[in-house]
Every structure is written in C-alpha cells, then in structure tokens.
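Remarks on the structure that follows.
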Amino acid sequence: MSGSQVIVLVTPAFFALMALEWAAGRWRGRPAFRLADALTSISLGMLSQTSAVFTRVLRLGLYTLTWQTLALWRGDAFWHSAVGWLLALLLYDFCYYWYHRLGHRVAVLWAAHAVHHHSQHYNLSTALRQTSSGALFGWLFYLPMALVGVPPLVFAVVGLVDLLYQFWVHTEQVGRLGWFDRWFCSPSNHRVHHAVNERYVDKNYGGILIVWDRLFGTFEDEDAREPCVYGTRGLLNSWDPLWANAQVYTGLARDSWHTRRWRDKLGVWLRPPGWRPQDVARRFPKPAFDIDQMPLFNPAMSPALRWFAGVQFVLLLAGVAAFLWQAEGAPLATNAVWFAALAACQWALGAAMQGRIGMWEALMIEAGALATATSALGLREWHVLAKPAAMVFAIVAVAAGAWSTRARGRFCLNRSQVLLLAALLGSLAGDVFLMLPGLFIPGLLSFLLAHLCYIALFRQGVPWFGQRAALVAALGLAAGMYAFLWWGGLPVALRGPVAAYVGVIALMAAQAWGRWAALRDRPALLVALGACCFMLSDSLLAINRFVTPLPGAQVWVLASYYAAQALIVGGMLRGGRRGLAQHLDRE
C-alpha cells in the first residue's frame with residue numbers, strides 16, 4: 001500500500017476529529033472554524049498530496065539512491081526490530097527538527113514552509129495546510145539517516161508516523177498537559193510555534209519531541225497572559241491555494257531581480273526571512289510589522305456561496321481521493337492531466353469564496369478543466385457532457401451578471417451583454433458540431449460567427465483597431481500561420497474558409513488589444529489576453545489537424561480555448577460592472 005493510499009484511508013479520521021473539535025468549540029462558545037479558512041487549509045493539504053505524486057522521487061528516490069551507494073552500515077535486521085524502529089523514529093524526528101528550524105531561518109526554505117503558517121486561525125484543519133514545494137530541498141535533511149543505514153521502507157514509515165502525530169497538536173481545545181508538555185510536542189507547545197508574537201516567533205520546532213528545543217535553546221513556554229496571535233508577518237489575504245504556494249517565492253524573486261549587487265541577489269534567498277537589500281528596501285519600502293495591525297482576512301460569503309463552496313469541496317475531496325488511490329499505478333501523463341484539472345478546480349473554488357469570480361464562472365472553469373482532461377484521456381461519455389456544460393455555465397454567468405446589474409428597476413441586458421451572449425452561443429454550437437463526425441465546416445462557421453460577435457463586442461465604446469502595432473502584429477502572425485498551413489497540406493476545399501477564419505480571429509485579437517490601449521484597465525487586459533489564447537488554441541488545432549499531430553494536442557488546444565473564454569467572460573463581466581457603477585454615479 002502506498003503512502004498516498006494510507007492518507008486516503010486516514011482522512012475520515014481527520015474529519016471525525018475536526019467534527020469533534022467543532023462541537024467542542026460550539027459547546028464552549030468559542031467557534032473553532034471559519035468555513036473559507038478551513039476549506040482553504042484542507043485544499044492546500046489536498047494540493048500537497050496530489051503534487052507529492054510527482055515529487056516523491058526527490059524525497060524517497062534520492063534517499064534510496066544514497067542508501068544503496070553510501071550507507072556506512074547495512075543492518076536491515078536491526079532496523080526492522082522494535083529497537084531499530086524506535087531509533088529510526090528518533091533519528092527522523094531529530095532531522096525534522098533541524099529541517100523545520102532552518103525552514104524558519106533561511107528564506108528559500110521559508111518560502112515553502114510559510115504555507116503551513118498562513119492561516120490566522122489555529123485548528124485541526126491548519127494541520128492539513130501543507131506545502132507543495134517542500135520536497136525541493138527537504139530531502140537533503142534526511143540523508144544522514146541513509147548514511148547510517150536506515151532502510152527506505154523504515155524511513156518512509158517513520159516519516160509517515162511523524163507526520164500523522166503532528167495532526168492532533170493543531171488545536172486550541174486542548175489546554176496544558178503537565179509533564180507531557182515538558183517532553184513532547186503538544187497543543188500548547190505548538191500554539192507557540194504558530195504565533196507571531198515577538199516572544200513566541202521562531203520557537204518550538206519539534207515534531208514529536210519538544211526535547212530538541214530544550215536542548216538547543218529554541219523552547220518557549222505558552223503564557224496565558226500573552227495569547228497567541230496566528231498567521232504570518234506578511235499576510236497572505238487570499239483563499240487561492242496556488243498563490244499561497246507562490247507568494248513568498250514571488251516576493252523573493254522580485255527583490256532578487258531589483259537589487260543591483262550579485263551578492264544580494266543570492267542573499268535574498270539564503271538570509272533569514274524578511275531580510276531585504278538596502279537598495280530594494282529604499283525603492284520598495286514595506287511597513288514595519290505591527291501585531292496590533294493584523295486585520296482578519298474574512299471576505300463575506302452569502303448563504304448561497306457557502307452552500308456552493310461546501311458542495312464543491314466535497315466533490316473535490318472525492319476527486320482527490322480517487323486520484324491518490326490510483327496514482328501509483330497510473331502513467332505519468334495521466335496523473336499530470338488529472339492533477340492539472342484538480343488544481344484548476346481548486347483555484348476556481350478559492351477564487352469564488354474570495355469573490356474574485358462568481359459561482360457560475362467557477363463552474364465554467366471546472367467544466368472546462370474536466371472537458372480538457374476527459375478529452376485527453378479518451379473518456380468520451382464524460383467529455384460530451386463536460387464540453388458543452390462549460391459554455392452553458394458561461395452563458396448563465398453572463399445572464400446572471402445582467403440580472404445582478406439591474407439599475408433602478410430596469411433589467412440591464414445592454415448591447416455588450418447581447419453580443420457576449422451571442423458569441424458564447426456561437427461557441428457552444430461550434431463545440432457541439434466539432435464533437436460530431438463530419439461537421440467540421442458547420443463548427444468552423446459557428447466559431448467564425450462567434451468571433452465576429454467578439455469583434456463587435458470589443459468595438460463598444462472604443463475606436464476601431466486603436467493600436468496599429470497590434471493590428472500589424474496580429475495580421476502578420478495570421479499570414480504566417482496560413483502560409484504554414486497551406487504548405488503543410490491544407491485541403492483545397494478548406495483554403496477559403498480557413499483563410500476567412502484566420503483573418504477574423506486576427507482582427508479579433510487586434511481589436512481586443514486596441515480596446516486595452518484605450519481603456520488601460522485590468523478587465524480590458526484580461527480580454528486582450530483571452531483573445532491571444534484564442535489565437536494560440538486555434539493555431540494548435542489547425543497544425544494538429546492539417547500539418548502534423550502534436551503531442552498532447554487535446555490538452556493544449558482545449559486548455560488554451562477555455563482559458564480564452566474564461567478570460568474574456570471574466571474581463572467583460574468586471575468591465576461591465578465598473579461601467580454600470582460609473583453610469584449610476586453620473587445619474
């Protein structure tokens with residue numbers, strides 16, 4: 001049985017304990033959970049486990065290689081005895097202490113570990129908030145175990161035991177435990193570790209034993225007179241699981257890029273977290289940390305959104321469990337496709353809970369991710385449901401947006417929304433036609449009409465082709481692509497329709513960038529990027545169909561297609577709401 005399957009089997013126990021913690025908090029009048037925070041923590045745990053399918057070679061593979069070639073002593077019989085297992089667990093916990101400690105003292109290691117500390121709450125869901133990038137350097141800290149001869153199986157099992165032990169200490173519902181607190185990592189000791197109070201920060205690194213902290217001077221006792229304040233000193237302020245993993249890396253990369261001295265470019269990554277070169281600190285100052293200025297990140301969620309998030313989370317959890325259960329025996333490409341689809345669904349859920357996208361937009365993205373995955377893996381029965389569903393959800397998102405922007409009793413289905421709906425209906429028809437044999441030309445015409453509607457949509461309120469450079473570039477790329485298709489064997493009967501289609505999509509992209517040049521706002525930029533994704537998707541589709549088969553063509557064609565639709569719909573909805581607000585202000 002693989003480690004991923006063990007995690008799947010113990011997951012019901014995790015949720016049972018979280019339910020018990022929730023009930024205890026309600027009974028004591030101190031709620032332990034906030035829905036969005038808890039779902040984000042668990043989502044990060046799911047992302048950590050699904051990504052581990054691909055990084056396991058770094059942790060266990062390199063450990064095994066070191067053990068096979070460099071072990072100083074090979075006594076497997078000893079390590080499989082009771083004493084050997086206990087000693088291996090102690091060695092693992094000791095290595096974990098130093099890995100954990102340096103994870104707080106070296107910026108690049110903190111970039112991975114910060115994910116676990118982002119939550120401003122402290123409960124059992126926080127235990128599941130794990131990094132997806134820790135394997136990049138974490139394997140180095142356990143190589144001493146390989147050198148002394150601990151077999152890979154023993155290493156993997158004691159590592160799992162150490163990890164599972166740490167689940168229960170993430171709670172505020174368990175108080176001080178007397179003598180236990182002096183020897184073991186306990187809820188009281190670990191609450192200190194998660195706190196950002198000056199006296200608590202960077203303390204209590206132990207995994208199972210707190211003895212290591214007492215020996216090496218990093219222990220701090222919890223003081224009831226100074227309650228723990230949780231989170232990180234650089235607040236995340238997001239429910240996005242992908243951004244949670246990238247936030248600190250992005251900040252380090254930005255500082256490293258802007259500093260002038262090469263020594264500082266390296267120092268940004270290797271010095272303690274928070275250190276910044278003087279030139280960067282002067283150009284891009286940040287306010288000093290103030291524990292009294294840590295607003296709680298908790299965007300409002302309507303009852304409908306809470307129900308939506310709960311149902312989506314349950315479905316995601318089932319999908320992740322199914323993925324983990326079969327991942328070890330599945331081909332790498334299959335795992336990569338399902339991982340990408342699950343990650344897209346997790347992003348959509350986080351964005352919806354945060355209010356960055358609507359519920360129907362989230363469903364559109366999720367259906368697009370499933371349509372891409374099912375097409376790539378040949379699951380036709382599911383694909384014929386997911387592919388049209390994505391455009392149906394997009395249409396409903398636009399209609400719901402029109403309904404929600406009613407102005408003073410008037411239903412605001414304006415010209416822009418009519419054109420957007422027409423473009424999406426054309427896309428829906430094109431999707432259906434292209435799924436059916438022998439209907440390529442009707443599908444092409446449907447998308448041609450959709451793109452004409454997009455051109456008219458992008459013309460609203462701005463000049464025709466306001467950025468000449470974009471027009472020249474788009475037409476030049478279109479001409480080059482058409483020439484490539486012609487020489488690659490484009491059938492004679494399709495040369496005219498394909499020429500018209502290539503020209504129209506180039507004009508659509510040029511108009512989108514001209515619109516951005518006129519408006520210069522984020523929604524217009526999203527639309528312009530969506531138009532570029534359309535050009536990419538159609539180019540890949542044409543090359544794959546008429547010139548040469550492309551590896552993984554269905555993934556790249558559909559992923560860029562749904563990215564295009566999502567960016568355009570999202571940009572137009574946000575631009576429409578902003579325009580309506582300005583119109584009402586003028587009235």
Side-chain angles (χ1 to χ4, degrees), residues 59 63 66 72 83-117 122 126-127 130-131 134-150 154-155 158-170 174 176-223 226 228-230 232-233 248 267 269-275:
R59 187 169 183 269
Y63 180 94
T66 304
L72 301 177
V83 174
W85 281 101
L86 181 59
L87 179 58
L89 183 59
L90 288 173
L91 287 171
Y92 186 96
D93 202 53
F94 179 72
C95 293
Y96 173 83
Y97 167 84
W98 288 105
Y99 171 44
H100 196 182
R101 181 170 176 173
L102 288 177
H104 282 253
R105 303 307 303 153
V106 178
V108 68
L109 299 180
W110 170 249
H113 184 58
V115 176
H116 182 59
H117 285 262
Y122 190 78
T126 309
Q130 297 291 328
T131 179
L136 294 176
F137 299 105
W139 60 276
L140 288 165
F141 291 85
Y142 299 99
L143 293 185
M145 295 181 65
L147 294 178
V148 300
V150 178
V154 176
F155 166 73
V158 297
L160 188 60
V161 170
D162 202 280
L163 178 66
L164 293 176
Y165 172 89
Q166 294 177 56
F167 174 76
W168 79 280
V169 302
H170 292 82
V174 177
R176 303 296 294 270
L177 297 177
W179 67 268
F180 191 88
D181 291 336
R182 292 193 293 272
W183 294 93
F184 294 94
C185 179
S186 66
S188 175
N189 292 332
H190 206 61
R191 285 193 290 269
V192 166
H193 176 72
H194 274 256
V196 293
N197 312 54
E198 190 61 38
R199 67 176 293 184
Y200 294 151
V201 72
D202 293 340
K203 301 293 183 182
N204 297 5
Y205 299 110
I208 294 178
L209 295 176
I210 205 68
V211 173
W212 312 123
D213 291 281
R214 294 182 181 276
L215 286 174
F216 299 111
T218 55
F219 177 78
E220 183 65 41
D221 209 1
E222 184 180 26
D223 189 342
E226 186 172 353
C228 296
V229 178
Y230 304 110
T232 55
R233 295 191 169 192
V248 180
W269 301 90
L270 300 181
R271 284 177 175 262
W275 180 85

message: Measuring only between side-chain heavy atoms, which start at C-beta, is His193 closer than 4.5 Å to Lys203?
response: no
- prompt: Are the side chains of Ile210 and Asp181 in touch, meaning some heavy atoms are under 4.5 Å apart?
  reply: no
- request: Taking all non-hydrogen atoms of both residues into account, name the closest pair between Met145 and Cys95 and its distance.
  value: CG-SG, 4.0 Å
- prompt: With distance as the sole criterion, is a donor-acceptor pair present between the side chains of Thr218 and Tyr97 under 3.5 Å?
  reply: yes
Donor-acceptor under 3.5 Å (Asp93 side chain, Ile208 main chain): yes
Name each donor-acceptor pair under 3.5 Å that joins a side chain in residues 107-114 to protein atoms two or more places apart or in another chain, with its distance.
unit_1	atom_1	unit_2	atom_2	d
His113	NE2	His100	NE2	3.1
His113	NE2	His104	NE2	3.2
His113	NE2	His117	NE2	3.0

query: Hey, what do you get for CG (Leu147) to OH (Tyr63), rounding to the nearest 0.5 Å?
result: 8.5 Å
- prompt: Using 30° and 60° as the class limits, which term best fits the ring planes of Tyr122 and His190: parallel, tilted or perpendicular?
  reply: tilted
query: Thinking salt bridges, do Glu198 and Arg233 make one under a 4.0 Å N-O criterion?
result: yes
field: Nearest non-hydrogen partners of Val150 and Leu91, listed with the distance
entry: CG2-CD1, 4.2 Å
Value rounded to 0.5 Å, distance of CZ in Arg176 from CD in Glu222: 6.0 Å
- prompt: Does the side chain of Tyr205 come within less than 4.5 Å of Cys185's, by heavy atoms?
  reply: no
field: Gap separating the CG atom of Asn189 from the CG atom of Leu177, nearest 0.5 angstrom
entry: 9.0 Å
- prompt: Should Leu90 and Leu209 count as side-chain neighbours, where that means a heavy-atom distance under 4.5 Å?
  reply: yes
- prompt: From Tyr142 OH over to Trp98 CH2, what is the distance, rounded to the nearest 0.5 angstrom?
  reply: 14.0 Å
message: Take a 6.0 Å sphere around CH2 of Trp183 and say whether it holds more than 12 heavy atoms from other residues, nucleotides or ligands.
response: no
query: Are any non-hydrogen side-chain atoms of Thr126 and Tyr230 less than 4.5 angstrom apart?
result: no
query: Do Phe94 and Trp212 have ring centres separated by under 6.0 Å?
result: yes
- prompt: How long is the span from the CG atom in Asp223 to the OG atom in Ser188, to the nearest 0.5 Å?
  reply: 10.0 Å
- request: Check whether any side-chain heavy atom of Val169 sits under 4.5 Å from a side-chain heavy atom of His194, and report yes or no.
  value: no
query: Given Tyr99 and Trp139, is the side chain to side chain contact (heavy atoms under 4.5 Å, CB included) satisfied, shown in steps?
result: CA-CA 9 Å; Tyr99 171 44; Trp139 60 276; over 6 Å; no
task: Measure the spacing between CG of Asp162 and CG of Leu89 and express it to the nearest 0.5 Å.
output: 6.0 Å
- request: Just say parallel, tilted or perpendicular for the rings of Phe155 and Tyr92, cut-offs at 30° and 60°.
  value: tilted
message: Quick check: closest heavy atoms across Gly206 and Tyr96, and the distance to 0.1 Å?
response: C-CE2, 4.3 Å
message: Among residues at least two apart in sequence or on other chains, which ones pass ring pair (Phe, Tyr, Trp, His ring centres under 6.0 Å) with Phe219?
response: none
task: Taking all heavy atoms of Ala127 and all of His170, pick out the closest pair and write down the distance.
output: CB-ND1, 3.3 Å
